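Keep in mind that this is a model prediction, so the values were computed, not measured. Below, all heavy atoms of this structure are taken into account, side chains as well, without hydrogens, waters or symmetry copies. Throughout, numbering of the chain's residues begins at 1 and tracks the sequence. When a ligand or atom number is given, it counts from 1 through the structure's own listing order.
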Amino acid sequence: MEIKFVKAETLKEKPDVSKIKFGTHFTDYMFEMDYNPTDGWHDPRIVPYRDLTLSPANTTLHYGQAIFDGLKAYMHGDKPVIFRASDHMRRINVSAKILDIPEVPFDVIHTGLKKLVALEKDWIPKDKGQSLYIRPFIFANDDYLGVNVAKTYKFLIILSPVAAYYAHGFSPVKIMVESEYVRAVRGGLGAAKTPANYAASLHAGLVAHQKGYDQVLWLDGVERKYIEEVGSMNILFKINGEIVSPSPKIQTSILDGITRRTVNQIAKDWGVPVAERRISIDEVIQAHADGTLEEVFGSGTAAVISPVGTLEYKGKEYVINGGKTGEFAQKMYDYIEGLHMGTVEDKFGFIEVAE
Ligand SMILES: *Cc1c(COP(=O)(O)O)cnc(C)c1O
């Protein structure tokens, strides 16, 4: 499928990335493609970034049949590169399947992504920790109020330059273990990157904020016992020298985060033992009491690694590693950032050149 190109008449002025808030500035172009039952996915094109016009009866606005992903591009010298582009593009189809969205042709979105990023390479910030955030998404585009799997869809990729997440260094977060609300349950949508899971998490997040916590750690929705994830990050524990994390293969209400996979691949390469298994909140608290809970940290594309300094559960606070960033989390962050920046050799094949 040929990817068409429509040139913008004027280009925007590029912002000082160190001063902008996440997700507020967008580049000059976006990738766009449509689906209908007769033509399938068709008309892939790179066009000037613009507002969309939607019918007030647009199905997504009413019933939320939509998915998204998030990944990042960097500059290696004068070459634009994307971190684990193929894995993210493959995950779009994992999410699509769960929401009954027709499978998108991998080659078209993968090529479209690389072409778009190459075209917009002057938007990729170069300083340490900065990046070009990439947001692919699909939404149902019928103008129809009936509750049905939609017949028409739109696929878009938009790009947004982002400042360093840790411009002032790491500061470990305070996390509230949620014992009242649930985000996703077994048999639900947890394994898809879909707006519904975020809608389900907003209120609990707000309540946690009001109590002085940064984020919520979700427990399983059935027994309220097993650790799931932090909503936009997966969670990992270092217990007695071993990196333990809940696995989306065992707990199907967890998102299969690509950063968690990256962390585990690198840890194994370093010879650090890695376990993917169920872990209960009681086990975490017991490990804290025993002194074997060495570190807790989140993993996700936005923050990469987010050290957890405090966990709150049922009114009690548990301080981890004296509230300071753990040695492993720091070393892992520095290594992944090195891969992003091109200062660490990419022996895993995570880096894809955008051309
Ligand atoms: C995106 C996301 C993550 C992190 O995934 P990465 O691929 O590492 O960015 C974790 N949990 C949820 C619910 C997410 O949406």
Please state which part of [X] comes within less than 4.0 Å of ligand 1, counting heavy atoms only: side chain, backbone, both or neither.
{"X": "M233", "value": "backbone"}
{"X": "I258", "value": "both"}
{"X": "R183", "value": "side chain"}

Candidates G300, S232, A302; heavy atom nearest atom 3 (C) of ligand 1 found on S232

Do any nitrogen or oxygen atoms of [X] lie less than 3.5 angstrom from nitrogen or oxygen atoms of ligand 1?
{"X": "S299", "value": "no"}
{"X": "T259", "value": "yes"}
{"X": "T301", "value": "yes"}

Quick one: which ligand 1 atoms are inside 4.0 Å of a heavy atom on K193?
1 (C), 2 (C), 3 (C), 14 (C), 15 (O)

Number the atoms of ligand 1 from 1 as they appear, then name those within less than 4.0 Å of a heavy atom of Y198, with their elements.
12 (C), 13 (C), 14 (C), 15 (O)

Are any of the side-chain nitrogens in [X] or [Y] under 4.0 Å away from the carboxylate oxygens of its partner?
{"X": "E223", "Y": "R278", "value": "no"}
{"X": "R91", "Y": "D69", "value": "yes"}
{"X": "E178", "Y": "R224", "value": "no"}

Between A140 and T60, the two heavy atoms sitting closest are O-OG1, 2.6 Å

Counting the benzene-type ring for Trp, do F5 and Y29 have ring centres under 6.0 Å apart?
yes

Nearest neighbour in protein (non-hydrogen) for atom 11 (N) of ligand 1:
E229 OE1, 2.4 Å

Any atom of ligand 1 sitting under 4.0 Å from a heavy atom of R261?
no

